[in-house]
Amino acid sequence: MILNVHHRMENGSFQHAATLSAPDNFSTIDALEYAFASTNHIEQVWWNNPGVIREGFSRRSTSVGDRVELNGEFWECVPVGWSKVESNG
């Protein structure tokens, strides 16, 4: 499954930061957590993680307020977990 990570910018807009693929047998939450871990600086800068395609110019890790698109639905990273976004406006 393809995931598109969008980082929230200072002005409130979103920038497409990364595209990656999660295993098809992952649940939605597992896929979101996979995207989160894959776009964070853990052992190296996130854009060097296997399977991650860096889009745009964002260099920071995915964090609260950022969004992940999965199967046409958007999910927002919240302080604990994920919240489905009803309107991506």
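In this structure, Ile53 CD1 and Ile2 CD1 are separated by 8.0 Å, a value rounded to the nearest 0.5 Å. Rounded to the nearest 0.5 Å, atoms OG (Ser63) and NE2 (His7) are 7.0 Å apart. One distance of note links CZ of Arg67 with CG of Leu32; it measures 13.0 Å at 0.5 Å rounding.
Listed here is the closest heavy atom pair of Glu76 and Gly65: OE2-CA, 3.7 Å. In terms of heavy atoms, Ile42 sits closest to Ala37 at CD1-O, 3.6 Å. Annotation for Ala31 and Leu3: closest pair O-CD2, 3.7 Å, computed over non-hydrogen atoms. Here the closest non-hydrogen pair linking Phe36 and Cys77 is CE1-SG, 4.0 Å. Pairing each heavy atom of Ser38 with each of Asn49, the nearest pair is O-ND2, 2.8 Å. Considering all non-hydrogen atoms of both residues, Asp24 and Met1 come closest at OD1-N, 2.7 Å.
For Asn40 (side chain) and Trp46 (main-chain N/O), no donor-acceptor pair under 3.5 Å exists by modelled atom type. No donor-acceptor distance shorter than 3.5 angstrom exists from the side chain of His6 to the backbone of Arg8, with no hydrogens or angles considered.
By the 6.0 Å contact criterion, CD on Glu43 is open, its count of non-hydrogen atoms from other residues, nucleotides or ligands being 12 or less.
Partner of Thr28 under the side-chain contact (heavy atoms from CB on, under 4.5 Å) criterion, out of Leu70, Asn71, Val68: Leu70 alone.
For Ser83, the side-chain contact (heavy atoms from CB on, under 4.5 Å) partners are Val78, not counting sequence neighbours. For Glu73, the salt bridge (charged side-chain N to carboxylate O under 4.0 Å, His left out) criterion is met by Lys84, not counting sequence neighbours. For Glu69, there are no salt bridge (charged side-chain N to carboxylate O under 4.0 Å, His left out) partners two or more places apart in sequence or in a different chain.
Ser13 has its side chain out of reach of Gln15: every pair of non-hydrogen atoms, C-beta onward, lies at least 4.5 Å apart. Put simply, the side chain of Arg60 reaches to within 4.5 Å of the side chain of Asp66, judged on heavy atoms.
Classification of the Trp47-His41 ring pair by plane angle, with boundaries at 30° and 60°, yields perpendicular.
Hydrophobic clustering keeps Val85 apart from Trp75 (ILVMFWY residues linked when any side-chain heavy atoms are closer than 4.5 Å, directly or through intermediates). Both Tyr34 and Trp82 are assigned to one and the same hydrophobic cluster, defined by single-linkage of ILVMFWY side chains at heavy-atom distances under 4.5 Å. Phe14 and Leu20 fall into different hydrophobic clusters, where Ile, Leu, Val, Met, Phe, Trp and Tyr residues are linked whenever their side-chain heavy atoms come under 4.5 Å apart, directly or through other members.
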